[in-house]
Amino acid sequence: MPVSDVADLALAPSGRRRIEWADRDMRVLAAIRERFAVERPLEGIRIAASLHVTAETANLMRTLRAGGADVVLVASNPLSTQDDVAAALVADHAVTVLALRGEDTATYYGHINAAIDHAPHITMDDGADVIGVMHGERREMLAGVIGGTEETTTGVIRLRALERSGGLAFPVVSVNDADTKHMFDNRYGTGQSTVDGLLRATNMLVAGKRAVVGGYGWCGRGVASRLRGMGAAVVVTEVDPLKALEAVMDGFEVMPFAAAARVGDLFVTATGDVNVVRGEHIAVMKDGAIIANAGHFNVEIDLPALAELAVSVREVRPSVEEYRMADGRAVFLLAQGRLVNLSVAEGHPAAVMDMSFANQALVVEHIVRQRGHLDVRVHRVPREIDREIARLKLSTLGIGIDVLTEEQRDYLASWDQGT
Ligand code: ADE
């Protein structure tokens, strides 16, 4: 059993208050937790979770513990850990946590390996790092796994690549594909928390700026819409013609990144792919341009190219580095190119993480119940779970909706009724 590695257990009281505050907006998860405490569906199940260690994640961990699971939690990003929350999880909730805000790469992977030492029945990833290491260096641990879950788009892309290569060793459920996840967490969560990160880092005025959003998936849509809401003129860049068309019809200007690089004041990447902002783009950016990343990994901005173009680098505010070019221009990089919403702000608000983590909890229960019956592939979240979460969320918000009349149901089931 791995031993906790957190910054300072004395921070637990502050973490406890944050967890309580988040819990107020996580009523769906609380309802699941109450049921889990009675039914104990995860009794004896060992879980290795690699997630952003936040107050919202803490409430998921409490839910898994209430269900009887034995959980080890490690970070899914070196910069997103809330050290006080990590301390409270260890002190109050008997969760083994190995996560330190700002941990270096060796420590980060040391912690991932420690989570694998836990011999998990279930893996829970946000970015596929546990599964990636298990399918690489730690293959001896694969046999004991019943199944895994994946939280984010980037992780699902990696898992589908693993599945296509024929190498996936156990069934995995893509929590990201649930409607109650990506339509809310990716869009409203990333949208709001990315703007929050930009503002906390820079205190910039968004109104009147030209903001360039790289990618118009669910995250990019959210970021573009929230920046527009604050008065920015938003340019979208895309590689997918359908998404580009959607951005046009949503009222955004669409152009290739090379053209956008010349006109933008602010750049936010949300593509999930590498080197979206490259040297040739940075070379033509305006003096004072700000570059940030909202994607999972710090690969969307070509950091080596940025460093190579600069004659000097200095930190001008916490999480803001000024790269000075030979021609005198300055370009500002936020949070070292790591995801700005979790590195500088606090990630998505609890009210959306409620649905994402309700999916996680119910999907783990589903995998345990279906033990031995799920094919080895990447699965979608069962439709009933998705709908149940939407129903519960509406009910916790006190919102009622209509039900079909019998006549309406019959009409929808018929093929011969017209005008
Ligand atoms: N991913 C995005 N926001 C998050 C949060 N608040 N907690 C955990 N994971 C997240």
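Whatever order the structure lists them in is the order used to number ligands and atoms, beginning at 1. Since the structure is predicted, the reported quantities are computational estimates derived from the model, not experimental observations.
- Nearest residue to atom 6 (N) of ligand 1 from His52, His296, Glu56, Glu151 is Glu56 (criterion: closest heavy atom).
- Those atoms of ligand 1 with a heavy atom of Glu346 less than 4.0 angstrom away are 6 (N).
- Taking atom 7 (N) of ligand 1 as the reference point, the nearest protein heavy-atom neighbour is Thr54 OG1, 2.6 Å.
- A salt bridge does not link Glu103 with Arg101: none of the charged nitrogens is closer than 4.0 Å to a carboxylate oxygen.
- A cation-pi arrangement, defined by a distance under 6.0 Å to the six-membered ring centre and an angle within 45 degrees of its axis, is present between Arg221 and Trp218.
- With hydrogens and angles left out, the side-chain atoms of Arg338 and Asn293 include no donor and acceptor closer than 3.5 Å.
- Near Thr57, with a cut-off below 4.0 Å to any heavy atom, the atoms of ligand 1 are 7 (N), 8 (C).
- The heavy atom nearest to atom 9 (N) of ligand 1, considering only His348, Met353, Gln82, is found in Met353.
- Between Asp129 and Tyr109, some side-chain heavy-atom pair lies under the 4.5 Å cut-off.
- Side-chain N/O atoms of His111 and Asp5 include a donor and acceptor closer than 3.5 Å.
- Residue Gly347 approaches ligand 1 through these ligand atoms, each under 4.0 Å from one of its heavy atoms: 3 (N), 6 (N).
- Residue contacts with ligand 1 for Leu51 are absent, since no atom lies close enough (heavy atoms, distance under 4.0 Å).
- Residues His135 and Phe170 bring their aromatic ring centres within 6.0 Å.
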